[in-house]
Amino acid sequence: MFVSSPESYDHLSRMTEQPPTPPPDSVREHAVHWFVRLHSGLATDDDRRAFDAWLAIRQDHRREFEQISRMWTTLDDTQPLLEAEIAKAEDLWKRHDSAPGTTSTWSWWSVRQTAAVGAALSLVLLTTWWWTGLPDTIRYETAKGAQQQVRLADGSTVLLNTDTQLTVQISRSERIITLDRGEAWFTVEHERRPFTVQAGNGSIRDIGTQFLVNKAADAVNVSVWEGSVEVGIRPTGESSSAAAPVILQAGQQTSYGTDGSIAHASAFDRDSLGSWREGTLIFRSQALERVLAEVARYRSEEIRLLHPALASIPVSGVFHIRDLDRFIQTLQDSLPVRAHRVHGTLIVIEPAPVSSNPSVLSHR
């Protein structure tokens, strides 16, 4: 790929008319060679003109070169190693270009060019490892009533609750989880790369080990079991200022909405909030309307209250997530309500023609 005499560039205009199809993977290698040449300190005006012509031959030439350039700007601890390879290539090019009688043609893989680009091939391997080593974005999704535990490439684990969707992106520099909807429990492996969960208009940066994120339609709730996290609002073009981040310690939670505000840290009930991991739901004096909404998250059926007076009845108890029939029966036995299954996907709850019963449900 690297030409040592200006005369060889004269062939380039003819090559652009009917460029040969490079062998598989060679476009990336060519892009790496050009990157090394242009950063070696030996590039001449002829080199740059030839490089521009090479970019114009095929659209994927420019795409590959831009990828290599982005890689270079994002590397940190590996960059000195690559700079050493460029220095080796520079030395070889000096000796090769100054050799008497050196001529080149537009033959990318000629024997005479092999020595000159030998050191740069190390960079090819490093670059190929870098780009092919980056995993594609992985998406996980659970159906209603289902749960799934996922072990990430860094050793962290994510437990997805019912009707949850998230995407995972892990690179050499960062770990980013995007929670599109639902609820997920994170146990984070501690290392130098930051671990961030993006949910709605905010982000949660892990500083500890275990935390829970629940993304509802109108708000995101974050609760910490172990360690600590930082919860902040991601900047947008609509607002130049945002609420100060909130640091949560173990046993604390916060929430934020689309208005950009973040609630103060407060304590929460660990037993009830994380009980779904054990297949149960625990309620302590929760309004019936909220209890039914939580149960419905795990069911395909719709549960509908027919009278607004029923919505605020307090409910306490422990219920199995998958035992809907017994849950409904317990409601009828313990509260002044009556339930009817209208059809396969709709259950209605209405007032029962009896006096109020104690509103305590205790079903295991």
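In what follows, every heavy atom counts, from backbone to side chain, and hydrogens, waters and symmetry copies are set aside. The first residue in the sequence is number 1, and the count goes up from there. Keep in mind it's a predicted model, so treat the numbers as computed, not measured.
- Between Trp34 and Trp54, the ring planes lie tilted relative to each other; the angle falls in the 30° to 60° range.
- Under the 3.5 Å distance criterion, with hydrogens and angles disregarded, no donor-acceptor pair is assigned to the side chains of Asp333 and Thr330.
- Considering only heavy atoms from C-beta on, Val246 stays 4.5 Å or farther from Gln252 through its side chain.
- Applying the side-chain hydrogen bond (donor to acceptor under 3.5 Å, both in side chains) test to Gln198 and every residue at least two apart in sequence or in another chain returns nothing.
- Listed by first and then second residue, the salt bridge (charged side-chain N to carboxylate O under 4.0 Å, His left out) pairs involving residues 204-222 are Arg205-Glu230 (not counting sequence neighbours).
- Sorted pairs that involve residues 194-203 and meet salt bridge (charged side-chain N to carboxylate O under 4.0 Å, His left out), not counting sequence neighbours, are lacking altogether.
- Every salt bridge (charged side-chain N to carboxylate O under 4.0 Å, His left out) that Arg297 has, sequence neighbours left out, goes to Glu183, Glu294.
- Every residue was checked against the salt bridge (charged side-chain N to carboxylate O under 4.0 Å, His left out) condition with Arg338, not counting sequence neighbours, and none meets it.
- With sequence neighbours excluded, the residues forming a ring pair (Phe, Tyr, Trp, His ring centres under 6.0 Å) with Phe268 are Trp225, listed by chain and number.
- The salt bridge (charged side-chain N to carboxylate O under 4.0 Å, His left out) check on Glu174 picks up nothing, with sequence neighbours excluded.
- Residues satisfying the side-chain hydrogen bond (donor to acceptor under 3.5 Å, both in side chains) test with His190, not counting sequence neighbours, are none.
- Members clustered with Leu306: Val342, Leu346, Val348, by chain and number, using a 4.5 Å side-chain heavy-atom cutoff among hydrophobic residues.
- Under the salt bridge (charged side-chain N to carboxylate O under 4.0 Å, His left out) criterion, the residue pairs touching residues 149-168 are Asp154-Arg175, Asp163-Arg181, with sequence neighbours excluded.
- Shown here are the ring pair (Phe, Tyr, Trp, His ring centres under 6.0 Å) partners of Tyr256, two or more places apart in sequence or in another chain: there are none.
- Checked by atom type, the side-chain pair Thr345/His343 shows a donor-acceptor distance below 3.5 Å.
- Remark: Asp52 engages no residue in a salt bridge (charged side-chain N to carboxylate O under 4.0 Å, His left out) (not counting sequence neighbours).
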